[in-house]
Amino acid sequence: MKGQIRSTSDHRSPLRRIGMGILYFILVIVALVQLYPLVWLFQLSLKTNQEVFGMSPFALPKSPRWENYINAWFDGGINHYFFNSVWYTVVAVLLTLILASFVTFALTRMEWKLKGIVLALFMVAYMIPVHSTLIPLFNIYNKINLINNPISIILSYTTFNLPITIMILLGFYQSLPREIEEAAIMDGCSIHRIFFQITLPMTAPVLSTTAIINMIYNWNEFVFVNTFISSEKWKTITVGVNNFIGQYLTDWGAIGATLVISVLPILIVYLFLSDRIIEGLVAGSVKG
Amino acid sequence: MKNVMSNKIVIALYVLPALFLVLFLIYIPIVLTGYYGLMDWDGVGQMKFIGLENYKKLIHDKLFWKSTWHSVLLALFSVLSLVGYLIVSLVLASKIKGANIFRKIYIIPMLMSSVAIAQLWVKIFDPMNGLINSVLTMLGMKNTPLWLADPNMALYAIFVPIVWQYAGFYIIIIYAALINVPQELIEAARIDGANAFQIAYKIKVPLISGVLKVLIILAVVGSLKYFDLIYVMTGGGPGDATEVIASYMYKEAFGKFNFGYGSAIGFGLLIISMGTTWIIQKLLNTNK
């Protein structure tokens, strides 16, 4: 920093230092507001009710009650919801990525007439509010016996994530050089081989970004499961946690523990892939 | 070469699966919502055609307009809070050390499900033992607010976790736009004697106006569709103090089994959110 030429002459003046101090103060306050509720939640999850109700909210638990987690996981049935969430999320993400890649490949690499209309259909679908589709979706799934069936959830997740996924992929596909693909066509490669062996591997970076975004959406989804699933057997963690809390209203420690369990997987992924996730969130919003 | 890339069978194979899903699970339900709105129907028994009765009822339904007003209020708050996000982003983008870490902290709440956020904030707002009132009591306050239980305060209280959830999201997007502003322009202005506020207001903000427009639309449309958090935190209560369009629709359909009337509300939601998007787009473009 020292050798750099600065156009401002008052770089190290006391005034500027005070200014910087104020700026940092603002940023730190915002950071505390964003983080402290989670710290409080974690403390809560290790407390007994006496500690929650009788003492300062800032007091640490005397001896951390890890039992809260064990009780929630086994007795509360959170483990069961958790695994449902895992496999619905994984299957729906894979389906979305492969279907969206097919469409994007056809839209950017192949020659056909209805491209414009098909692209517009996906774009407009992105803007349609989910709740306006809910009653007919319920009725359709009911008619084909998919209510209380995980297929309804996986189909809904896949479909409603397709538009945003296609939009993110489109940008990447358009910027990708086509020489290798064109050379492969000259060599007589089939389209399927080009798609699976050349294009798809080249899009790995954007696929991992969209996979993470899809994963977060699916893991946190609430209204589809709450509407299409009533049997405990098929509920996901978001809905399961909500019901669990409805039943154990008074045990704050257990509630804290279930909430921590429900957010932990995404937070762990974030710890390792924060740049990818931020990149995906930015891409997913502005492209739309 | 052209032949390979315009093979109709391959195109159909690549495009149709995704297209069918979007048509059958998004577009057909949208049309059906409007159609069901013409019916008297409990979701199980026979539908009875009643013409525009549901829509007439909707236009005179005070609760529907009250819910819409609440959704509009949330949209207004969300747009106003963009100013705050813009200020924080400007601070972050002013060559602050550790900007990346702040950014990563701010986004964390966005990774949680709305359900987990709702349950966490129900506890934070708890009138007896919640974080906020515990602190207020410690500070010597006697009549601490009831927050979510107070009809005059609940909607404003609910907006706090909404800001908490989305602040980081908006900040990283504005920040990403700001750091792409060409450095030469800023240096040139500085040499001309512009101060930091002038540079921010006259150069940086106009240059990222495209992104800001997208965010205004996102904030408005997102607010109009708002559901999960409110449904879990208050269920629209106390009374109807926090009822929004989507929660009102959900109650009518899946609470009272008025599928016909619920569909009319769902159709209203569609018209309102698509219409608003269109109007805002028009307004923002002519201002340019």
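Values below: every heavy atom of this structure, side chains too, minus hydrogens, waters and symmetry copies. Every chain is numbered from 1, with letters handed out A, B, ... down the list of sequences. These numbers were taken from a predicted model, which means no experiment stands behind them.
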What part of [X] gets closer than 4.5 Å to chain B, counting heavy atoms only: side chain, backbone, both or neither?
{"X": "Val223(A)", "answer": "both"}
{"X": "Thr238(A)", "answer": "both"}
{"X": "Ile98(A)", "answer": "neither"}
{"X": "Thr227(A)", "answer": "both"}
{"X": "Val28(A)", "answer": "both"}
{"X": "Leu259(A)", "answer": "side chain"}
{"X": "Ile166(A)", "answer": "neither"}
{"X": "Val124(A)", "answer": "both"}
{"X": "Phe105(A)", "answer": "side chain"}
{"X": "Phe58(A)", "answer": "side chain"}
{"X": "Leu162(A)", "answer": "side chain"}
{"X": "Ile140(A)", "answer": "side chain"}

Taking the side chain as every heavy atom from C-beta outward, state whether [X] and [Y] have any pair of such atoms under 4.5 Å apart.
{"X": "Leu131(B)", "Y": "Tyr36(A)", "answer": "yes"}
{"X": "Val22(B)", "Y": "Leu121(A)", "answer": "no"}
{"X": "Asn139(A)", "Y": "Trp41(B)", "answer": "yes"}
{"X": "Tyr27(B)", "Y": "Thr133(A)", "answer": "no"}
{"X": "Lys225(B)", "Y": "Val130(A)", "answer": "no"}
{"X": "Ser6(B)", "Y": "Met110(A)", "answer": "no"}
{"X": "Val10(B)", "Y": "Phe195(A)", "answer": "no"}
{"X": "Trp40(A)", "Y": "Ile124(B)", "answer": "yes"}

Select one option (side chain, backbone, both, neither) describing which atoms of [X] are under 4.5 Å from chain A's heavy atoms.
{"X": "Tyr36(B)", "result": "side chain"}
{"X": "Phe102(B)", "result": "side chain"}
{"X": "Ser273(B)", "result": "side chain"}
{"X": "Tyr35(B)", "result": "neither"}
{"X": "Met112(B)", "result": "both"}

Is the backbone of [Y] close enough, under 3.5 Å, to the side chain of [X] for a donor and an acceptor to pair up by distance?
{"X": "Trp164(B)", "Y": "Val33(A)", "answer": "yes"}
{"X": "Tyr106(B)", "Y": "Leu27(A)", "answer": "yes"}
{"X": "Asn220(A)", "Y": "Leu111(B)", "answer": "yes"}
{"X": "Tyr270(A)", "Y": "Ile107(B)", "answer": "no"}

Winner by heavy-atom pair count (cut-off under 4.5 Å) against chain B, out of [options]:
{"options": "Ile277(A), Asn142(A), Ile135(A)", "answer": "Ile135(A)"}
{"options": "Pro129(A), Ala100(A), Ala106(A)", "answer": "Pro129(A)"}
{"options": "Ile216(A), Leu44(A), Leu134(A)", "answer": "Leu134(A)"}
{"options": "Val103(A), Asn242(A), Leu38(A), Ile266(A)", "answer": "Asn242(A)"}
{"options": "Arg109(A), Gln34(A), Met127(A)", "answer": "Gln34(A)"}

Checking side-chain contact (heavy atoms from CB on, under 4.5 Å) for the pair Tyr14(B)/Leu99(A): CA distance, chi angles, key distance, verdict?
CA-CA 8 Å; Tyr14(B) 280 20; Leu99(A) 292 180; over 6 Å; no

Before giving the answer on side-chain contact (heavy atoms from CB on, under 4.5 Å), spell out for His192(A) and Leu13(B) the whole-Å C-alpha distance, their side-chain angles and the decisive distance to 0.1 Å.
CA-CA 11 Å; His192(A) 305 302; Leu13(B) 203 64; 3.9 Å; yes

For the pair Tyr250(B) and His131(A), name the ring-plane relationship: parallel under 30°, tilted 30 to 60°, perpendicular over 60°.
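Answer is perpendicular, since the angle exceeds 60°.
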
Stepwise, does the side-chain contact (heavy atoms from CB on, under 4.5 Å) test hold for Thr159(A) with Phe24(B)?
CA-CA 9 Å; Thr159(A) 308; Phe24(B) 277 101; over 6 Å; no

Would Met128(B) and Phe53(A) satisfy side-chain contact (heavy atoms from CB on, under 4.5 Å), going step by step from the backbone distance to the final call?
CA-CA 8 Å; Met128(B) 290 292 290; Phe53(A) 298 153; over 6 Å; no

